[in-house]
Structure formats: C-alpha cells, structure tokens
Protein chains: 2
Amino acid sequence: MGLAKTEIFTEDQNELALIGKVFAHPARIAILQHLFKVKACVCGDLVDEIGLAQPTVSQHLKELRNMGLIKGDVEGTSVCYCVNVANWNEMKEKFKAFLDQGIELDQECC
Amino acid sequence: MGLAKTEIFTEDQNELALIGKVFAHPARIAILQHLFKVKACVCGDLVDEIGLAQPTVSQHLKELRNMGLIKGDVEGTSVCYCVNVANWNEMKEKFKAFLDQGIELDQECC
DNA sequence: TTTATATATTGTAATATTGCGATTAAATAA
DNA sequence: TTATTTAATCGCAATATTACAATATATAAA
C-alpha cells in the first residue's frame, strides 16, 4: 500500500514515527547540522551547502518546517532559516525518552 | 526518483538518516517498545501485539534485524526476538549526540 | 515600469515503502 | 511418512518519497 495503518497504533507511537521520518533523509540531517553550526542562514546558503537543486532543498525545508523543527523569516527576497529551539527541545526529550527506555537491560536475552 | 543522493553527504549524515528511517514507522516503534517491556518474545506474539498481518510484521522485523537493533533466535518452529542491547546502546549514543548538538542555543535567532 | 534576485510551487519520472495473500521452508508431532 | 505449526519469502497493488525542470510569486533594484 505505501501508507502506514496509523489507526492501530498509539498516538505516542505515531508521533515517534513522525519524528523518525523527518530525520530519515541525509539532506534534512545536513540542513539541521548546518543550522546548528551557523545559528541562522538564508535558503540560498543551504542550497550551496547541501548540494541538491533549489526546489529539492526547498522541499526538505518545508518538511522540517511542517514538523516545527525550523522557522523561516522573510528578509527582502531571502528567507532566513533557523532551528525552532523550543520545539526542538520538546521533540528531543520525547525521542530521548524512547531511546532510553531500555536503560535497565544490561545483557542479551535470547 | 525516490532514492536519496547519499554520495553527496557524509558517512555520519547517511548513518543518522538510516537510524531515522528504521524509526520512521509506528509498527517498528511498537515492536521495539514491546520487546523492551517483555524482554524477549516469539514472532507470533508480536503479530498478535502489533495487529498487522504476519508477513508484514516479519518484514518490519527484518528491517530492525538488518539495522542490528534486534536479534532472533530460532527455537524449534518459533523465533524468539529481543533487542540487541550492545548495538542499541551504540546507536542510541550516536543519535543522542546529534539531538544534543544544539545544547548551547538558548534563544530564537531569526 | 522593467529587470533582477531569491524562494516556493507545480508537475512529473524514477524509485521506495507498506501491506497482505499465496507460497515456501523448516522443525516438530502424530 | 504425513500432517501441523511457525515464520520467512515472493509477488503484487496502492501509495509515498525523492529529485528536478519549469514556472510562479514576491521583493528589491535600475
């Protein structure tokens, strides 16, 4: 089918999967890493930095924006992007709680 | 295209994206959560727990296995699955380092 | 107003993912 | 041997993702 049966999973599981999805492409990882490094930059700089065509980068930026992880401020003909720190931290805690759930397991099982 | 241009990204970026991808489906999140809860269980129990058809669950288990996050031990006609704790912890540290990279940013930018 | 610049959107082709019925494989039980 | 049980694999249909050329939009400059 190509579409997940989200209705049979919990809200928490679906949300964690959406977080996973937004990180599931190296271009989006690279965009976030660059934004963390330079704090804020214009779309065109990201296009140069990433090495994909402008519409492709724009598309990845849109997905990051839709997830609330970045914000874009229009400045003349440019758009200045940066990490949405509040949302990033919220997402981060949620995902780290998932990653840390097995902290008590200290050996193999089967 | 449907396929990422991995050759233009760093090894680190591609690996983080692969980690994201394995978490990008609620069924795989649910499988991992269940394995953490019950420590180890047989494939059939996961099929009951998850609520997807057996071939579908088997496919998700394969992806988790390919990423090294779980192991399956054949026990008669059954297969007992569990988290591969060493690999899980390694992956976890790598991903948490990525999530924590912006720790010094404490306010909005644009 | 016209032109240039920067970004978003649209449309499309190629590929990937998801889900499952049907089948296969492998071990055990009768 | 012949079921039976359990899980993996195959094949397919439906949908999603990725990438980009072409175009639209919006602001600024001439």
Side-chain angles (χ1 to χ4, degrees), chain A residues 1-9 13-14 17-31 34-35 40-67 70-82 110, chain B residues 1-9 13-14 17-31 34-35 40-67 70-82 110:
Chain A
M1 318 248 151
L3 91 171
K5 287 183 125 185
T6 53
E7 70 277 9
I8 68 172
F9 300 105
Q13 288 162 345
N14 284 316
L18 284 179
I19 296 173
K21 212 180 226 173
V22 82
F23 292 134
H25 195 291
R28 294 191 288 271
I29 298 284
I31 288 169
H34 193 249
L35 287 181
C41 80
V42 137
C43 175
D45 294 342
L46 283 167
V47 172
D48 296 341
E49 174 71 19
I50 303 302
L52 290 170
Q54 178 266 320
T56 308
V57 172
S58 201
Q59 189 174 269
H60 286 301
L61 287 169
K62 190 180 187 179
E63 288 171 58
L64 290 166
R65 229 174 338 103
N66 288 345
M67 276 296 289
I70 65 172
K71 294 186 309 178
D73 251 31
V74 177
E75 288 182 359
T77 64
S78 303
V79 177
C80 176
Y81 279 100
C82 65
C110 302
Chain B
M1 318 248 147
L3 91 171
K5 286 183 126 185
T6 53
E7 70 277 9
I8 68 172
F9 300 103
Q13 289 162 345
N14 285 317
L18 284 179
I19 295 173
K21 210 179 227 173
V22 82
F23 291 134
H25 195 290
R28 293 191 288 272
I29 298 284
I31 288 169
H34 194 249
L35 287 181
C41 81
V42 137
C43 175
D45 294 343
L46 283 167
V47 172
D48 296 341
E49 175 69 23
I50 303 303
L52 291 170
Q54 177 267 319
T56 308
V57 173
S58 202
Q59 189 175 269
H60 286 302
L61 287 170
K62 190 181 186 178
E63 286 169 59
L64 290 166
R65 229 173 337 105
N66 288 344
M67 276 297 288
I70 64 172
K71 294 186 309 178
D73 250 32
V74 177
E75 288 182 359
T77 63
S78 302
V79 178
C80 176
Y81 279 100
C82 65
C110 298

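Basis for what follows: all heavy atoms, side chains included, without hydrogens, waters or symmetry-related copies.
Going from atom CE of Met67(B) over to atom P of dT17(C) covers 13 Å, rounded to whole Å. Distance NZ (Lys62(A)) to C1' (dA6(C)): 17 Å, rounded to an integer number of Å. Here dT17(D) presents its C1' atom at 15 Å from CG of Leu18(A), a figure rounded to the nearest Å. Across the protein-nucleic acid pair, Ile70(B) atom CD1 and dA7(D) atom P stand 13 Å apart, rounded to whole Å. When rounded to the nearest whole Å, the span between CD1 of Ile31(B) and P of dA7(D) equals 13 Å. To the nearest angstrom, P of dT17(C) lies 16 Å from CZ of Phe23(B). Rounding to whole angstrom units, CG of residue Asp45(A) and P of dA6(C) are separated by 10 Å. Nucleotide dA8(D) holds its P atom 12 Å from the CG atom of Asp73(B), rounded to whole Å.
Of all heavy-atom pairs spanning Ile8(B) and Gly51(A), the tightest one is CD1-O, 3.7 Å. Ile29(A) and Ala17(B) make their closest contact through CG1-N, 4.2 Å (heavy atoms, listed as atom of the first residue, atom of the second, distance).
Note: Leu46(B) CG to Ile70(B) CD1 = 8.0 Å, rounded to the nearest 0.5 Å. Considering OG of Ser58(A) and CG of Leu52(A), their distance stands at 12.0 Å, rounded to 0.5 Å.
Backbone-only engagement by Val42(B) is indicated by non-hydrogen atom pairs under 4.0 Å involving sugar-phosphate atoms exclusively. Within the nucleic acid shown, Ser58(A) comes within 4.0 Å of at least one base atom, counting heavy atoms only.
Taking the six-membered ring where the residue is Trp, His25(A) and Phe9(B) present perpendicular rings, their angle passing 60° and hence far from 30°.
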**Request:** Report the C-alpha separation of Tyr81(A) and Leu35(A) in whole Å, then their side-chain angles, then the decisive distance to 0.1 Å, and conclude whether the side-chain contact (heavy atoms from CB on, under 4.5 Å) test is met.
**Result:** CA-CA 8 Å; Tyr81(A) 279 100; Leu35(A) 287 181; 4.3 Å; yes

**Asked** Are Met67(A) and Glu63(A) close enough, and set up right, to give a side-chain contact (heavy atoms from CB on, under 4.5 Å), and what steps lead you there?
**Response** CA-CA 6 Å; Met67(A) 276 296 289; Glu63(A) 288 171 58; over 6 Å; no

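The phosphate of dA8(C) (OP1 or OP2) has a side-chain N or O of Tyr81(A) nearer than 4.0 angstrom.
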**Message:** Counting primed atoms plus P, OP1 and OP2 as sugar-phosphate and everything else as base, spell out the protein contacts along nucleotides 18-30 of chain D at 4.0 Å heavy-atom distance: B, S or - for each nucleotide, 5' to 3'.
**Reply:** BBBBB----BS--

